[in-house]
Amino acid sequence: MQLYQSQEIKIQNSLSGKKDVFKPLNEGHIGMYVCGPTVYSNVHLGNCRTFMSFDMIFRYFRHLGYKVRYVRNITDAGHLVDDAEDGEDKIAKKARLEKLEPMEVVQRYTVDFHNILQKFNFLPPSIEPTATGHIIEQIEIIKDILEKGYAYVTNGSVYFDVIKFNEDHEYGKLSGRKLEDMIANTRELTAQDEKRSPQDFALWKKAEPQHIMRWPSPWGDGFPGWHLECTAMSTKYLGETFDIHGGGMDLKFPHHECEIAQAEASNGHSPVNYWMHANMLTLNGKKMAKSTGNSILPGEIFSGDNAILSKSFSPSVVRFFMMQAHYTSILDLSNDALLASEKGFNRLMDALKILKQIETSKISDFDVVAWKQKCYDAMNDDFNTPILIAQLFEAVKHINAIKEGRESISAEDKTLLESTINAFVFDVLGLEAKNENEGGTDKLAGVVELLIELRKEARDNKDFATSDKIRDQLAGMGIQLKDGKEGTTFSVL
RNA sequence: GGCAUCGUGGCCGAGUGGCUAGGCGCAGCUCUGCAAAAGCUUGUACAGCGGUUCGAAUCCGCUCGAUGCCUCCA
């Protein structure tokens with residue numbers, strides 16, 4: 001029997017506003033779409049958190065035995081800098097500023113994106129489509145929406161008619177907004193506006209002569225609107241209705257609202273059963289913004305090359321840090337918080353090593369079966385990784401107690417504990433064990449071992465001046481000696 | 001101004017109508033020549049003010065604050 005058949009999952013659904021029991025459209029199969037990055041600059045850490053949350057969700061579904069088709073797009077066209085009439089495509093703007101071909105910009109930052117995600121140990125999605133690769137599909141949807149009367153053409157551009165749509169559909173149901181309120185709160189249209197109403201959004205934008213990113217269409221040369229690509233690609237690969245659509249909280253409105261409108265206007269179906277939104281990451285309690293200097297790149301955390309950090313942190317520590325918070329909560333990143341996570345992460349990893357070596361006996365003081373179910377209960381309750389991690393530390397406590405002979409475990413339970421904890425730590429949370437030689441080389445290890453031996457001789461001779469000198473000077477170089485019952489080990493800080 | 005998500009002990013963060021996670025730090029203990037490391041033990045906190053209730057941090061209302069989006073501004 002597949003594991004998923006015995007685990008009922010609840011998901012916080014933005015559409016219903018509550019936790020709904022998850023039922024996939026096709027038993028054993030899940031279709032999941034997540035809005036990917038707009039590749040016009042280095043991926044920032046907040047983006048990584050969103051994608052990491054869905055990576056964890058993808059991993060958990062797979063662990064349960066679901067066949068998941070996970071689609072995460074690359075936005076390489078159509079995302080406008082602002083919604084004004086002279087709105088410029090984000091990528092085209094960057095290309096102009098850096099004197100590059102737009103596709104050079106796309107290539108550069110797509111590579112950066114994949115690079116960072118690989119360091120974070122992400123699983124690749126099943127399909128990673130690009131907006132520019134689906135222009136034809138987008139044009140087809142626009143035709144469809146025009147035909148149904150929910151869009152209009154002005155001066156070579158096509159706009160979605162929100163007011164018309166709202167007459168027989170509900171625009172704003174995802175974000176909890178009412179169209180009347182939006183209209184009441186909106187500025188008047190100016191004379192040169194092409195839109196009938198300020199709420200209308202572009203499905204297709206006419207390209208001015210100097211615009212490089214352009215494709216032919218029935219309405220003239222232009223480029224697709226930002227919201228449309230996700231509708232085109234999710235429909236193509238997952239169907240007119242699919243299980244899960246995810247993204248950052250900031251995309252709920254207008255992006256996801258518009259996706260719903262486009263899908264309902266073109267094919268009459270509500271496109272998604274479960275809308276999931278990951279919350280924001282703040283830095284030192286304030287929002288991340290390049291303009292205020294309150295920002296950090298993933299690469300800067302790995303290298304420690306940022307003023308707010310006292311040291312560098314490995315990708316797994318950052319991942320562990322993020323997994324200690326629930327994906328729907330705002331998470332605040334700070335040096336202290338990372339330091340705390342690093343210690344906890346190391347303790348967890350040490351316990352995993354100890355677990356391999358502990359001896360078994362006839363009876364167990366640790367109810368592994370009940371503990372295992374608590375781990376699943378945590379994950380089944382809207383992917384509650386903080387609770388899962390609390391359970392993992394519960395196991396750590398038992399592992400240490402068994403090692404010290406205060407508790408015992410049967411061989412059978414040990415096998416179960418080991419397979420369960422490894423599955424959750426590595427397969428579901430996606431953490432990676434520390435590399436023993438991290439920061440050092442075999443030669444360095446040899447030299448330090450030699451010094452440890454010399455120090456031991458000095459200590460045996462009660463020559464503490466020499467032994468302390470070795471210890472303190474190594475510490476000064478960032479090499480910490482750890483005296484244990486079975487001799488001295490070291491770690492490079 | 002509107003919509004949304006929140007406001008938990010020194011810090012980070014779960015949870016939820018009565019049984020009150022976890023990590024880090026601090027303190028104590030064990031170990032140790034000393035220290036570090038490691039392990040163990042320890043915390044009655046839930047923005048404020050009202051209300052509902054036998055009982056609320058958990059439900060309701062208001063206020064204040066944070067973050068995102070929209071608007072405004074530019």
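Lettering follows sequence order; numbering is per chain, from 1. Here the structure is a predicted model, which is why all the values come from computation and not from measurement.
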Quick one: ring pair (Phe, Tyr, Trp, His ring centres under 6.0 Å) partners of [X], sequence neighbours excluded?
| X | value |
| --- | --- |
| A:F22 | A:F61, A:Y274 |
| A:F424 | A:H63, A:Y376 |
| A:Y150 | A:F165, A:H169 |

Rounded to whole angstroms, how far apart are [atom1] on [X] and [atom2] on [N]?
| X | N | atom1 | atom2 | result |
| --- | --- | --- | --- | --- |
| A:N400 | B:A37 | CG | C1' | 13 Å |
| A:K456 | B:U32 | NZ | C1' | 14 Å |
| A:K462 | B:U32 | NZ | P | 12 Å |

**N or O in side chain of A:N384 less than 4.0 angstrom from B:G15 OP1/OP2** = yes

**Request:** Report the stems of RNA chain B as range-with-range entries sorted by first number; a stem here is at least three consecutive pairs, Watson-Crick or G-U wobble, both distances under 3.5 Å, and write none if there are none.
**Result:** B:1-7 with B:64-70, B:10-12 with B:22-24, B:27-30 with B:38-41, B:47-51 with B:59-63

**Asked** Can you tell me if CD on A:E359 sees more than 12 non-hydrogen neighbours from other groups inside 6.0 Å?
**Response** no

Extract from the structure each pairing of a protein N or O with an N or O of nucleotides 22-28 of chain B at less than 3.5 Å, listing the distance.
{"from": "B:G23", "atom 1": "OP1", "to": "A:R347", "atom 2": "NH2", "distance (Å)": "2.9"}
{"from": "B:C24", "atom 1": "OP1", "to": "A:R347", "atom 2": "NE", "distance (Å)": "3.3"}
{"from": "B:G25", "atom 1": "OP1", "to": "A:K343", "atom 2": "NZ", "distance (Å)": "2.7"}

**Request:** For A:D472, answer base if it contacts any base atom (sugar-phosphate contacts may also be present), sugar-phosphate if it contacts only those atoms, and nothing otherwise; contact means non-hydrogen atoms under 4.0 Å.
**Result:** nothing

**Prompt:** What does A:D483 touch in the nucleic acid at a heavy-atom separation under 4.0 angstrom: a base, only the sugar-phosphate, or nothing?
**Reply:** base

**Message:** Between A:T328 and A:Q12, do the side chains contain a donor N or O and an acceptor N or O under 3.5 Å apart?
**Reply:** no

**Prompt:** For residues 364-377 of chain A, which residues have at least one heavy atom under 4.0 Å from RNA chain B?
**Reply:** none

**Item:** Side chain to side chain, A:V158 and A:Y152, heavy atoms closer than 4.5 Å
**Value:** no

**Complete:** The single option from A:R196, A:K195, A:E194 that satisfies side chain to side chain donor-acceptor pair (under 3.5 Å) with A:Y159 is A:E194

